[in-house]
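Chain naming here is simple, since letters A, B, ... match the order of the sequence lines and numbering starts at 1 in each. No hydrogens, no waters, no symmetry mates; every other heavy atom, side chains included, goes into these values.
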Amino acid sequence: MEKFGKGQPVKRVEDRRFLTGAGRYLDDVAPEGRLVAVFLRSNMAHGVIRSLDVSDARAAPGVHLVLTAEDLIAAGVRMDMKAERVRNRDGSRGAHPERPVLARDRVRFVGEAMAVVVATSLSEARDAVEMIEFDIDPLPAHVETAVGGPLVHDEVADNVAVDFGLGDKAGVDEAIAGAAHVVRLRIPDNRVIVASMEARGVTAMIEDGRLHVAVSAQGVWGQKEALCRHLGLEPADVRVTTPDVGGGFGMKGMSYPEMITVAQAARMLDRPVHWISERTEAMLSDNAGRDLWSDTVLAFDADHRLLAYSVESVSNLGAYNSQFAQEIQTNLFSKVLPGTYDLQKVWLGVKGVFTNTTPVDAYRGAGRPEAIFALERAMDHAARVMGVDPWELRRINFIKPGQFPYVSATGMPYDVGNFARVLDRVEETSDRAGFVARRAASEAKGLLRGQGLCYYIESILGDKQETATVVFREDGRVEIHVGTQSNGQGHETVFAQFLADHSGIPAEKITVMQGDSDLIPKGGGTGGSRSVTVQNTATLATVETMVTAFAAWLAEKEGVEAGAIAFDDERFRIPGSNLSPTMLEVAEMALSEGRADLLRHSATIELENRSFPNGAHVAEVEIDPETGVVTVERYSVVDDFGNLINPMLVEGQVHGGVAQGLGQALTERVVYDAEGQLLTATFMDYALPRADVMPWVSFASEPTPSLYNPMGMKGCGEAGTVGALAAVTNAVQDALWPLGITQVDMPFTPQRMWEMLDAARRDAA
Amino acid sequence: MTQVGMTVNGKAVSGKVEGRTLLVDFLRGTLRLTGTHVGCDTSQCGACVVHLDGKAVKACAIFAIEAEGSEVTTIEGMANADGSLSVIQQAFQDHHGLQCGFCTPGMVMSAAALLAENPRPTEAEVRAYLEGNICRCTGYHNIVKAILAASGQDVGAIAAE
């Protein structure tokens, strides 16, 4: 059997639970008798806390505890939230002003937690929060994604937390100076609110003297580390679990102040304390995504071959450094800066700025959608300016199949790829040839039509290391313990099926165990499209360990050489013996003979390298010039994800990824007013894409298997989002270019589109 | 506190509620039927859709006392009597119409209401009917496919167009 397994569209085992109302999301499994936490949040974007009086709230009916920053400090809680700091171009580290667990002295964004009330019931907690009296002296707010303005942190000059540079600036400048064609474009990449359907939540309780925190998150180990760090606890005294998680998308990958506060409250009360975010609260306090603008410069020779690419961007970090915020638009953006093009002169300069808005961190793709959006917008624009076919411009600049392995200008070791073949395929699946006729048909109805291409490449991220442990239980069931974490991707099915394919253990006997730091000592969680590649590579290694151990034992029992015993993915074959036991049968024998050492097998792997999924997205839009409504009429994706483990689930990941990209491009508009109030803080004001906004998404696989893992996989979780932004935007640009509109910026809401068209009509008149 | 009584998934139930208690909180909190979810608090997302006397309603948008004497069906009451998945539920599994599963109960309840009033909807009718149900994971592609399949239509041919 091939190492990548049977590649079957196996249906998901977790679906039964989700389809019958038996899902176990955090709020569904909160223990009886738990107390309920409600946070008081700042109603101002920037100001000095003059007073915070919780005495009435403490005396209110049903209230067990009220905590402010002062109380946490008095209890010995470490207040500063942790964050990664990138290296600035001068060699120093990015600024890291304190982000306190609860606001003290100053508030810096609307929604920042200031206090928590813990009461018997939700309504009592809410009523008590209303009784907290506080007084904030407003300060001017810095809301724009821009350098300068009122200082968010006094010690951070011009609000610049990060001044990052990567590449050969002098070389790039020189190439630009001598180029036949130089094309510049400023590219805004709008802020989005992540909005997992299940909001964040935490339940904390004391069990046998230990702290147990259940949290809706993307992995348990980082959360455990944060709890130990803030509460001064030993790892042995903390257990973190995750129940079913209703979507994460990067946003639930980070530690948040609420978890620390709720856990401390449970410790102080010795009772379970539960908090689940309301929707508006989530929109104010969940890390946001994107929010940057980039000045791009592309330089070409006379034959339109790329000579150099420069990006200077300003990215919004929000009011504080969230855990990975500084990394996103700098190091992670750089991973795919030059995309799929044969281009060795690049420069990336980034200023990360603080503003009086909610912190911004990873959102599906984390830096890579932003980088590909900038590059593919710039390439498309350059083609139009130079009068070259946008598809042809990509084609002539692709890294050619004979050039692999290819080290990109930012040091990424691309192992394989056949970009032209993928592009050829999408030309067919999108029926590019029929576009002219479709545009004529749209025009006959008084509508504009455009087609846009994006060729993306992705670099999967996250921990390269992962462990799989297989445990044979006495009742005949088999557990596989994984260090990844499903947020809805179908891991229970995929990991069990993969183990079944390689061990012969029937999938229905296998239970996937995840999200419990007591059961599983270490793991990388979900993120960066890593899960299936790293986890299955670990499973393969564990199967090998199992085969070796069982074969040695059988050899000893049968009196043959261990090397003579073969395992054919189903049975052990023993020379000269009629015995050909399955893995399960050997485990039963081991159990009956009391060989506990043979009932648990574990292996840890580290990927040689991460892989590079890539592909082409083609969007076709129709625009009604009377209303400004943009409709995506056709959407075609051809991906090179290498070998697919479960094609049905892969396709589902692409659909969802495209929807998140299309949402950012068409409907999702975050609006802060000049005082830093979020005006789009409910689903009535913030438009997530709905069923009638989405087209069918056609998907085809054009694999060139990766050489960096035994299954030849490439990872698919984020790719849909990476490709969608530029495909949709370039399609809108294609429709509007003939009207003399040469710059179009997301999101293309009807109002913004109508204003663009109206301005063009006035100019023409 | 007021006593409220209704039939939920065929069983007579009752409990004490405040005037302000929402139907969804009665279902989740008092009856411990936690399949009905709360996703937005403003009746936009549809994770809380249940059937009230045969009609799809958002359980976050009515008070428990308004359901007095009514027949309520929740996601827990949608499987066949023998415990197997109903046609709609099965179609969601067959066509991978769910990922994280949080919006799924509401999607299934809306789909059932749609097919009850329009047994063979077009793709456009399905998409329009789901305007009150938000999903962040699937891009709706496979949800629409599942509902068309549950109505007995050849989704392969429709989606390929």
Side-chain angles (χ1 to χ4, degrees), chain A residues 9 11-12 14-25 27-29 122-123 194-199 244-249 276 278-280 486-490 648-649 651-660 662-663 682-684 688-698 720, chain B residues 18 20 25 28 33-42 44-45 47 74-79 83 85-86 88-90 92-105 108 123-124 126-145 158-161:
Chain A
K11 289 173 199 164
R12 305 200 323 170
E14 47 272 76
D15 285 0
R16 194 186 151 81
R17 154 168 115 240
F18 297 148
L19 281 162
T20 54
R24 300 184 299 259
Y25 304 91
D27 197 48
D28 301 341
V29 294
L122 180 61
S123 44
V194 177
S196 56
M197 293 313 296
E198 182 207 24
D244 285 329
V245 177
F249 313 114
I276 188 95
E278 294 182 357
R279 180 53 57 188
T280 289
S486 186
N487 275 196
Q489 304 97 321
M648 180 174 81
L649 302 195
E651 204 174 327
Q653 287 297 308
V654 172
H655 298 155
V658 168
Q660 289 186 337
L662 202 142
T682 72
F683 287 164
M684 293 185 287
L688 295 182
R690 305 203 183 202
D692 60 354
V693 169
M694 287 301 297
W696 294 118
V697 174
S698 105
Chain B
E18 289 183 74
R20 62 179 168 176
D25 293 327
R28 289 180 57 82
L33 292 171
T34 54
T36 304
H37 291 146
V38 179
C40 73
D41 314 306
T42 54
Q44 302 293 302
C45 81
T74 70
I75 188 67
E76 288 89 347
M78 291 302 281
L85 297 179
S86 69
I88 292 171
Q89 288 168 320
Q90 190 60 55
F92 269 72
Q93 183 182 32
D94 291 347
H95 295 276
H96 187 30
L98 63 153
Q99 289 182 28
C100 84
F102 193 82
C103 75
T104 307
V108 170
E123 178 210 338
V126 174
R127 291 186 187 276
Y129 194 87
L130 293 180
E131 66 167 3
N133 290 84
I134 300 177
C135 169
R136 196 54 155 163
C137 295
T138 63
Y140 305 98
H141 185 109
N142 287 339
I143 293 175
V144 175
K145 247 173 111 172
I158 297 171
E161 302 226 332

K.L.:
Between A/R279 and A/T682, is the side chain to side chain contact (heavy atoms under 4.5 Å, CB included) condition met? List the steps.
P.N.:
CA-CA 7 Å; A/R279 180 53 57 188; A/T682 72; 5.8 Å; no
K.L.:
Measuring heavy-atom distances to chain A, does B/H37 have an atom under 4.5 Å in its side chain, in its backbone, in both, or in neither?
P.N.:
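For B/H37, the contact with chain A is made by the side chain alone.
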K.L.:
Top residue by heavy-atom pair count (under 4.5 Å) with chain A, among B/L130, B/T104, B/T138?
P.N.:
B/T138
K.L.:
Does any heavy atom of chain A fall under 4.5 Å from the side chain of B/D94, the backbone, both, or neither of them?
P.N.:
both
K.L.:
Find the distance between CZ (A/F18) and SG (B/C103) and round it off to the nearest 0.5 Å.
P.N.:
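Between A/F18 CZ and B/C103 SG, I get 11.0 Å after rounding to 0.5 Å.
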K.L.:
Examine whether an atom of A/Y25 lies under 4.5 Å from a heavy atom of chain B, and if so say whether it belongs to the side chain, the backbone or both; otherwise answer neither.
P.N.:
side chain
K.L.:
Taking atom types as modelled, is there a side-chain donor on B/H96 or A/D15 under 3.5 Å from an acceptor on the other?
P.N.:
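Side chains of B/H96 and A/D15: no pair found under 3.5 Å.
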K.L.:
Can you find a side-chain donor-acceptor pair between B/T74 and B/E76 that sits under 3.5 Å?
P.N.:
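Short answer, yes.
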K.L.:
In terms of heavy-atom pairs under 4.5 Å, which option from B/A47, B/C137, B/C135 contacts chain A the most?
P.N.:
B/C137
K.L.:
Show the numbers, then the answer: is there a side chain to side chain contact (heavy atoms under 4.5 Å, CB included) between A/D27 and B/R28?
P.N.:
CA-CA 9 Å; A/D27 197 48; B/R28 289 180 57 82; 2.9 Å; yes
K.L.:
Taking every non-hydrogen pair under 4.5 Å, which of B/L85, B/D41, B/I134, B/V108 racks up the most with chain A?
P.N.:
B/I134
K.L.:
Tell me, side chain or backbone of A/E14 under 4.5 Å from chain B's heavy atoms, or both, or neither?
P.N.:
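Nothing of A/E14, per the 4.5 Å heavy-atom cut-off to chain B.
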K.L.:
Can you tell me which of A/V658, A/V29, A/D28, A/V194 forms the most heavy-atom pairs within a distance under 4.5 Å of chain B?
P.N.:
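Ranked by heavy-atom pairs under 4.5 Å with chain B, first place is A/D28.
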K.L.:
Of the listed residues (A/R24, A/M694, A/K11, A/R12), which shares the most heavy-atom pairs with chain B below a 4.5 Å separation?
P.N.:
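Ranked by contacts with chain B, first place is A/R12.
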K.L.:
Could you grab the distance from atom NE2 of A/H655 to atom CG of A/L662, nearest 0.5 Å is fine?
P.N.:
13.0 Å
K.L.:
Please state whether the side chain, the backbone, both or neither of B/F102 comes within less than 4.5 Å of a heavy atom of chain A.
P.N.:
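Backbone plus side chain of B/F102, per the 4.5 Å heavy-atom cut-off to chain A.
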K.L.:
Picking from A/G490, A/G247, A/A659, A/G652, which has the most non-hydrogen pairs under 4.5 angstrom with chain B?
P.N.:
A/G652
K.L.:
Verify side chain to side chain contact (heavy atoms under 4.5 Å, CB included) between B/C45 and A/M197, making sure each step is shown before the conclusion.
P.N.:
CA-CA 8 Å; B/C45 81; A/M197 293 313 296; 3.5 Å; yes
K.L.:
Kindly indicate whether the side chain of B/Q99, heavy atoms from C-beta on, has any atom under 4.5 Å from the side chain of A/Q489.
P.N.:
no
K.L.:
Identify which of A/A199, A/G720, A/A195, A/A22 forms the greatest number of heavy-atom pairs closer than 4.5 Å to chain B.
P.N.:
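Answer, by heavy-atom pair count under 4.5 Å with chain B: A/A195.
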K.L.:
As a test of understanding, state which of B/Q90, B/Q93, B/M78 forms a side chain to side chain contact (heavy atoms under 4.5 Å, CB included) with A/L19.
P.N.:
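Running side chain to side chain contact (heavy atoms under 4.5 Å, CB included) over B/Q90, B/Q93, B/M78 with A/L19 returns exactly one hit, B/Q93.
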K.L.:
Under a 4.5 Å heavy-atom cutoff, which of A/V693, A/V245, A/V654, A/L649 has the most pairs with chain B?
P.N.:
A/L649
